Engineer: 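Sharing a structure below in structure tokens format, with a few things to ask.
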Amino acid sequence: MTTSAELFELASRHIPGGVNSPVRAFKGLHRPPVFMERAQGAYLFDVEGNRYVDYVGSWGPMITGHADPDVLAAVRARLDHGLSFGTPTAIETTMADLICEMIPSIEMVRMTSSGTEATMSAIRLARGFTGRDKIVKFEGNYHGHSDSLLVKAGSGALTHGVPNSPGVPASLAEHTITLSFNDPEGVEQCFSELGDEIACIIVEPVAGNMNCIPPQADFLETLRRVCNEHGSVLIFDEVMTGFRVAMGGAQAHYAVTPDLTCLGKIVGGGMPVGAFGGKRKIMEQISPLGPVYQAGTLSGNPLAMAAGITLLTKLQVPGFHASLTQRVETLCQGLQERADAAEIPMLTQHAGGMFGVFFTAQSRVDNFAQATACDPEAFRRFFGAMLDQGVYLAPSAFEAGFMSSAHTAEDIQLTLDAAEKAFSLM
Ligand code: PLP
């Protein structure tokens with residue numbers, strides 16, 4: 001039998017850090033990453049035959065569980081038609097219509113192959129539309145790895161200690177203004193000084209790349225208001241929250257309407273897909289209709305569209321998100337009770353189908369400073385003890401957890417039993 005440790009050693013010879021995305025590395029966790037062989041429903045199976053209840057879900061897309069039979073069947077059905085044509089296909093229109101129906105603020109949409117491309121393109125579009133250069137983002141939010149957005153970023157950039165990546169020209173980064181999440185006064189002040197130079201605000205409406213931090217009352221509303229007052233574009237990065245926090249995304253859940261929305265993860269059903277869309281008058285600036293250039297060899301790939309459309313359609317079952325949220329609440333409540341009983345300072349936060357576990361005595365975590373003040377050593381011990389008991393959590397204290405509809409009451413109970421033991425060992 002080949003072990004994960006052996007595969008990691010082999011991988012590290014020709015792949016930087018042995019991984020093709022830094023979030024997969026077990027940075028600071030004193031063990032090699034687990035190499036998975038297959039996945040089914042709520043479970044991952046590693047190369048050594050161990051089963052894990054999975055709360056990463058391929059970082060979000062697997063909202064109905066791994067290897068969803070309907071998604072696989074849809075992909076199989078298209079496979080023999082060919083992989084990619086580089087021409088328009090009818091299935092791209094089906095996808096666009098579905099997105100516009102599910103997220104009504106999106107009047108026109110362009111598909112991409114990743115979330116990074118979606119946010120990068122939305123920023124360019126906002127700059128082209130307004131004729132302004134400055135953008136506003138929030139500390140600890142992650143919007144993919146394009147240059148303008150790797151400034152005080154979250155996710156792997158934060159986990160690996162490089163929220164400001166070398167390689168991003170200072171002359172570009174200076175156009176990115178970074179404010180504190182959940183601080184409406186800071187936003188007001190920034191706009192009162194610079195508002196007429198700001199092309200856009202981009203925000204994760206629920207921050208999921210510095211653990212899980214929902215917006216405080218008034219935060220998203222303030223963003224909407226200052227953008228209206230100053231002619232700036234409000235971009236919701238719903239790559240993570242789209243179709244997860246609610247069917248219509250965080251914008252439906254919190255009833256705040258952005259001008260542009262970025263999507264990824266679930267919209268591709270597990271295939272490499274992103275999308276950005278919004279107000280028609282802004283989207284009409286995109287090439288070839290308008291002058292703002294954006295393109296992609298594999299954008300709108302028919303196999304990826306088939307997977308995404310099938311998954312999105314499955315979510316339209318009445319009560320899907322209520323039941324997902326219920327599972328998250330059961331998990332979070334159970335974790336809190338067990339941590340309290342073991343006198344471990346711990347806090348959970350959640351929004352729809354995403355959740356976070358913070359090792360802290362704080363009563364809530366609202367921003368980057370509070371998220372990074374949590375106890376990294378407690379997280380490391382908890383993560384390791386859970387993994388050893390067959391529960392796969394994100395290998396970083398700065399990532400949200402994801403629930404799927406495939407997680408049963410038994411899976412959640414297994415997780416809570418494992419947590420009870422983990423807390424007793426800490
Ligand atoms: N935006 C958010 C909120 C994300 O969480 C991510 C990835 O995790 C991205 C953008 C980038 O997406 P991708 O990794 O598909 O490029």
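Start at 1 and go down the list; that is how both ligands and their atoms are numbered. We're numbering straight along the sequence, starting at 1. The structure presented is a predicted model; accordingly, all values stated were derived computationally and were not measured. Worth knowing before you read on, the calculation uses all heavy atoms, side chains too, and leaves out hydrogens, waters and symmetry mates.
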Engineer: Ring-plane angle category for Phe383 and Tyr392, please: parallel below 30°, perpendicular beyond 60°, tilted otherwise.
Structural biologist: perpendicular
Engineer: With heavy-atom distances below 4.5 Å as the criterion, would you say the side chains of Asn367 and Phe138 are in contact?
Structural biologist: no
Engineer: What does the list of residues with a heavy atom under 4.0 Å from ligand 1 look like, ordered by chain and number?
Structural biologist: Ser114, Gly115, Thr116, Tyr142, His143, Gly144, Glu204, Asn209, Asp237, Val239, Met240, Lys265
Engineer: Are Glu197 and Arg132 ion-paired here, with the side-chain N under 4.0 Å from a carboxylate O?
Structural biologist: no
Engineer: Would you mind listing every salt bridge (Lys or Arg N to Asp or Glu O under 4.0 Å) that reaches into residues 198-227, with sequence neighbours excluded?
Structural biologist: Glu188-Arg225, Arg224-Asp259, Arg225-Glu229
Engineer: When the ring centroid of Tyr52 is compared with that of Tyr43, is the distance short of 6.0 Å?
Structural biologist: no
Engineer: Could you check whether the rings of His407 and Tyr55 sit parallel, tilted or perpendicular, using 30° and 60° as the cut-offs?
Structural biologist: parallel
